[in-house]
Structures are given as structure tokens and as C-alpha cells.
Amino acid sequence: MDLNQIRNDFPTLQEEVNGKRLAYFDSGASALKPRVVMDRLAQFYEKEYSNVHRGVHYLSQVSTLAFEDVRGKVQTFLNAAREDEIIFTAGTTESINLIAYSYVLPYLGKSDAILISEMEHHSNIVPWQLIAKMNGMDIKVVPVLDNGALDMQAFDNLLTPDVKFVSITHVSNTLGTVNPVKEIIEKAHANGSKVLVDGAQAAPHMTVDMQELGCDFYVFSAHKVFGPTGVGVLYGKFEVLDQVKPWQGGGDMIETVSFEGTTFNVLPHRLEAGTPNIAGVIGFGEALDYLAKIDVNWRYQHELNLLDYAMKGLKEFPQVRVLGTVPGKAAVICFVIDGVHAHDVGSLMDMNGVSVRVGHHCTEPLMKRFKVPATARASISFYNNKEDIDQWLSVFPKIFKFFG
Amino acid sequence: MESDLYQQLIMNHYREPHNHGKLDPCTCHAFGKNPLCGDEVSVYCIVDQNILKTVQFEGAGCAISQAAASMMTEMVSQMQVDDLYDLYERIDQILKGELESGELSGELEHAYAAIAQFPMRTKCARLPWKTLVNALQGKTENISTEND
């Protein structure tokens, strides 16, 4: 693959930041978009735009076909068994909330528990806390080891018969840890528990195969997979997804409506009330087409090579501590510098054209566990290159000098 | 570069803060915290006949929040409370980049103008000021500049 050509596909990478070339290391928060995605959005709005479903006029047919075509692309991307296992939502957060309110809340009660982990994003903690207040279920938390790995011994012990649901991240957005989700799913199923996997940080980087994993639900966001914002995916294994209660009521999700009673549409429409994010979904389809042209194994290996190169470079700087060092981790570097606040690190990086994220990364329990108030995070994507890493590394001596 | 000079001044205040430490007894105090970034500042004042006789602070957080607190204590010392409210407005204008370089007086105001170059960080510099004003007005609950 020609990395320079790939970089040319992303207009934002050609921008300067504070007079410096841009080294973008915030793809974990949101990925940059290839030009084809923006072009597709413009073309759709200019030439094909209309609302989807139930239209008989030309434009409504074109837009409906384009929209529904993306469902098939997502099915292929996830290797899902059926197209109607793909539900479009507003993002990972909405996908999790949908399952929390329309599956876990109605089916679990006081004598039940759900199992999550200490490395979850707030979006995979707070929805469960909110519904636990309503149905009285217990929330159990699998701890994280010092190297950032999930404590599987503890997982085994916590997976008791009362645990009816397990919700776990595939890849930690903070530590980069790649969890043994297949093992988790198998053990959970043997225990009679259903499993949701938060794939927000996995889907942009690696092969995610629903039939191979066997999870009940898998969720991710389009904007981290080089697509537009405001689109998410909820995958559900058909037999399980079919048990999910209606989420939002409205148009599209019904079969017939009367004041005596309403009957509901089939999947996937039953869980997609109202006008969806039509253009966003269509733009996401273009992003998936773009990704399909670049070998996923090449992409992931390239990211891991850059991670390795970056970690070797960091060895020059003993003042820098990296959180999450478990072998086989994804290309995320969460770091703290002794005596320098993460926000100051972020601003100095920014002055030198380097975009990193700072703060608690929506994983406050994890920050508490590692006893840091905030960290800086460099997340690597396939469009990054060695020059980006060199530019990032070159800021550290400036930070030490400034705060020395 | 001029802004480098003021960055150096900010760093000096961060490394060796002025008027640092708890004041006990004091006539009023307040605690400000930006929960998302974790910056914390406690401001203590001794006010006598409407004059800020002594203002001290303690806290933890990024360089900008702590230096801004230190610089603030320098600027407000011996000031009339009414004048302090005017200065509070003026600092806000400086941090919004609304004043030209020629309209600024003193190196501390220039230092605040240097912070204005980082719009995402001006909330850090405003935290001690908002905490001080709230202390004087007797409001001590949930002081933050993250949603301003």
C-alpha cells in the first residue's frame, strides 16, 4: 500500500495547525474523513435527496435504495448472518442505551446482575447505573490488572448464575487493551448470560466477525470508522434482537396504528423510529467502501509498527509513564509526565502541530484505579506515518525544558 | 517573541506561586473546581473596610490555572472591592481577546492576553477569578468555569 497516496485521500491531513504540519493522533476520539465520503454527501444532497421508505416518487426510491444498500455493506463489514440484524442508531452511546432500556431493563430484575469492567467508557457504565435504579439489578465490575489487562481470574469468579448480561469493551479506548472477547462470550453463554461488545475502538482497526465471535450484540460508531458523525450501528443476533422491545415509538417502526392498539413492524425497522440520519448512513457506506479497498491486516500491522516505533522512541524519556502495557495491545498510547498536568502537555503538543486528547477519556474509574487525575492520549490510525511519530516525540524535550 | 516572554512569566508564577497558602482566619473564602479537567483553586481573603487587604490561594491543577491564581493575587492586593469587580470584567475581556495590545497595562495583563491565544484553556485562567468573586459575594457552591 502507498501510504502517501492514502494520506492524500484525507484533506484534513494537508492542513497546517499553528503553522506546523499536522500530526493527528486523536482518531480514537474521531477519525478524519476521506474525501470520497464528503463527495458522496454532497452528491447525495444535490442529486438524490429525499426522505426514505414509503415514497413512490423517483427521488424517494433513489434515497431508499442508497440508504438500505448501506445495511448490506455493514452486514458484510461485520460478517453478520442477516441484513436485518443491523440497526442504525445515532452512535455507540445510543446503541448501548437502546439495549439497556429496551432489553436489559424489561427482562432483568432485583435478583439479577450484569457484569461490566473497570476499563469501560462512561457510555458502558452510566446507562446500566440508570436502569439499575429502576429494576434493582446489581452491577458487578471486573477489575483491571496493573499492565492494563482484564483480570480474567476475577471475571471467572464474578460470572455467577445471577449474571444475566455481560457488557464489555472489545478494545479499551484508554489503555489499548484488546480483551479476549471470544473467551468472554463463550464463558458467558455457558453461564446463560447474553453479551454486548462495545466495538467503538475495535471496528476502525481490526476484523470484527459476528459469526466468529458469536456475541449477542455488537455496537460501534460510524464517525470513528471514517464516516460522518451521528450514525451508529447496533448489531444483534436475530433471535436475541427480535426479543428487544420497541425503543422509540413513531413512524416507520409500526405496522398499523389505532387508538385500540398498535402493532409493530419487523426488524430492522421496529427499532428505527422516525426519519433516520439518511445522508450520514449513506456517507458511512462510502467510508466502508473506501476501507474495503485497503487490506485490514495491512492497516492493523501498520498501526502496530507505528506503536512499536513510538514506544521505542519514548524509552529516551524516563519521565514519561505509559498506562497500559499489555502485549498485543492496540495502537493507543496513554501517557503521563511527572510534574506536568495533562492539559499543559496537550497545549504544548498542539503548539507544535500535534493533536492529542487530554483528560480522563470518559474512563474516570480507570483514572482512579491508576491514580492519575488525567492523562494525554495519542491514538494511532492507518493514515499516520513515522514523521507524525517523530514530530510527537520531538515535543517531549520542549515540554521538559518548559517545565524543567 | 513577545508571547514567549509572557509564557515565561506564567511559568515563573506556576513554579513559584505568590501569596500561596491557606489564610486562617479570613473574612471569606471559596473553593472552585473544574470537574472535567480537575483544576482546583481555593481563594482566601481578608477584607477590611471594603478593601482587599490580603488574598491568598492554594490549589492543584494545570500550569495556567495555578499561575493565573498567583498572578490574580498580585493584581488585586489592596484593591477596593468595587474596583475588583471592574477588573474581573476586564480580565474576561482580555481572555476573550477583545483588547488590543496597546490597551493593556502591565506585564500581568499581557500574560493574560498570552493565555487568550489558547481559547480552550481560558477557562483555566478564569477559575481563580470566578472563585474570588464568588467568595466576596458569599456564594461558595459549585464554582466552575467549564460551562461559562
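Hydrogens, waters and symmetry mates are skipped; everything else that's a heavy atom, side chains included, is used. The chains referred to below are lettered A, B, ... by the order of the sequence lines, with proteins before strands, and numbering in each begins at 1.
Remark: A/M38 CE is packed, more than 12 non-hydrogen atoms of other residues, nucleotides or ligands lying under 6.0 Å away.
Residues satisfying the side-chain contact (heavy atoms from CB on, under 4.5 Å) test with A/T177, not counting sequence neighbours, are A/M119, A/S172, A/L175, A/N179, A/V326. Listed by chain and residue number, nothing satisfies the side-chain hydrogen bond (donor to acceptor under 3.5 Å, both in side chains) test with A/S379 (two or more places apart in sequence, or in another chain). Legend: residues meeting salt bridge (Lys or Arg N to Asp or Glu O under 4.0 Å) with A/R21, ordered by chain and number and at least two apart, are A/E387, A/D388.
Contact record, A/F403 with B/M11: CD2-CE, 3.4 Å, taken as the closest heavy-atom pair.
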Hey, can you dump all donor-acceptor pairs under 3.5 Å between chain A and chain B, distances included?
from   : atom 1 : to     : atom 2 : distance (Å)
A/H343 : O      : B/R121 : NH1    : 2.7
A/D344 : OD1    : B/A63  : N      : 3.4
A/D344 : OD1    : B/R121 : NH2    : 2.8
A/D344 : OD2    : B/A63  : N      : 2.5
A/S347 : OG     : B/R121 : NH1    : 2.4
A/F402 : O      : B/R15  : NH2    : 2.4
A/G404 : O      : B/R15  : NE     : 3.1
A/G404 : O      : B/R15  : NH2    : 3.4

